[in-house]
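This chain uses plain numbering: 1 for the first residue, then up along the sequence.
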Amino acid sequence: MDRIAMVLLTGGNSTRMGTSKAELVLDGQTFAERIAEELAACGPLYLSVSADTPHVPLHEIYPCIRDEADHVGPMGGISAVFHQIDADACFFCACDMPFMARAYVSHLCGIWDSVSPESYDALLVKGAGGRIYPTAGIYHRRILKDLDLKIQEENYRLRDLLASHRVFYVEENSLGELKKSLINVNTIKDYESLRDH
């Protein structure tokens, strides 16, 4: 698992939330601090940031990689990471998943190793109704050329990128309690409901 780098995506605009989701607080820690702690237990951790990302103490602990293309969503962060580090594969996690757990990350990394990383370009979780969790999974740098092309074409939909690549999908229902890691917070209402989890 050491050859898989960990990346926390913190460069989003948080338009629906109206404030930085990375800095939302749960049980005395920001979302970013909680997630970083879990990811760092699984491999070398990098923070993906944008020009608009506020500087926080976490940036003094882990190396930051600045988006090369601003305001293009997670694709900008993924592209910048693969351009600036030499890892073959990275586990990417959005900063709006405060329950992300190291057990979830380790589970996916174990599956990635078992299915032969050379056979797939990504490993993601697919839920009921075909929902895909594109920012809680593993990508191989083989996607980089096509990803950069999509950015140049101003097509920032990860689903379109994935359609032309070999993706191994893990069924959400197979995760048991690990499914909690996939809870994401997009709105104030979502944030207020966290106490129910």
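Here the CE atom belonging to M100 is positioned 14.0 Å from the CD atom belonging to E37, to the nearest 0.5 angstrom. Of the inter-residue distances, the one linking H140 atom NE2 with L123 atom CG reads 12.5 Å to the nearest 0.5 angstrom. Summarising the geometry, atom CZ belonging to F99 is positioned 12.0 Å from atom CG belonging to L182; distances are rounded to the nearest 0.5 Å. With rounding to the nearest 0.5 Å, the separation of OG in S106 from CG in L178 is 9.5 Å. Note that NZ of K150 is 13.0 Å distant from OH of Y156, once rounded to the nearest 0.5 Å. Summarising the geometry, atom CE belonging to M75 is positioned 8.0 Å from atom CD1 belonging to I143; distances are rounded to the nearest 0.5 Å.
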Residue pair W112, Y120: steps toward the side-chain contact (heavy atoms from CB on, under 4.5 Å) verdict: CA-CA 9 Å; W112 176 256; Y120 294 95; 4.2 Å; yes

Derivation of the salt bridge (Lys or Arg N to Asp or Glu O under 4.0 Å) call for R166 and E118: CA-CA 10 Å; R166 302 165 297 172; E118 295 308 311; over 6 Å; no

Residues L124, Y133; criterion side-chain contact (heavy atoms from CB on, under 4.5 Å); working and verdict: CA-CA 6 Å; L124 301 170; Y133 295 88; over 6 Å; no

F82/F92 under ring-ring contact (aromatic ring centres under 6.0 Å, His included): CA gap, chis, key distance, verdict: CA-CA 11 Å; F82 278 129; F92 289 92; 5.8 Å; yes

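For the side-chain contact (heavy atoms from CB on, under 4.5 Å) criterion with Y139, the lone passing option out of L147, L158, V167, V81 is L158.
Hydrophobic clustering, with ILVMFWY side chains joined whenever heavy atoms are under 4.5 angstrom apart, groups I138 together with V115. In terms of hydrophobic clustering, with Ile, Leu, Val, Met, Phe, Trp and Tyr side chains grouped at heavy-atom distances under 4.5 Å, I61 and I35 are assigned to a common cluster.
Inter-residue side-chain proximity for D121 and F168 is flagged as unmet; no heavy-atom pair is nearer than 4.5 Å. Between D146 and S164 there is a side-chain heavy-atom pair separated by less than 4.5 Å. Taking the side chain as every heavy atom from C-beta outward, C109 and M6 approach each other to under 4.5 Å. Annotation: side chain of T135 is in contact with side chain of L9 (closest heavy-atom distance under 4.5 Å). Residues D67 and V49 form no side-chain contact, since every pair of their non-hydrogen atoms from C-beta on lies 4.5 Å or further apart.
Annotation for V7 and S48: closest pair CG1-CB, 4.1 Å, computed over non-hydrogen atoms. Residues I151 and S79 share a closest heavy-atom pair of CD1-CB, 4.0 Å. Summarising the geometry of A80 relative to E68, their closest heavy-atom pair is CB-N, 3.9 Å, with the distance given to 0.1 Å. Of all non-hydrogen atoms in I85 and C90, the two that sit nearest each other are CD1-SG, 3.8 Å. When every heavy atom of L175 is checked against every heavy atom of H107, the shortest pair comes out as CD2-CD2, 3.6 Å. When all heavy atoms are compared, the tightest approach of K21 to D96 is NZ-OD2, 3.3 Å.
Here K179 does not pair with E171 in a salt bridge; the nearest charged N to carboxylate O distance is not below 4.0 Å.
Of the possible polar contacts, none joining the Y169 side chain to the I132 backbone as a donor-acceptor pair under 3.5 Å is found. Checking side-chain atoms of R141 against main-chain N and O of A89 turns up no donor-acceptor pair under 3.5 Å. A donor-acceptor pair under 3.5 Å links the side-chain atoms of E38 to the main chain of R102, judged by distance alone.
The number of heavy-atom neighbours closer than 6.0 Å to CD of E153, taken from other residues, nucleotides and ligands shown, is above 12.
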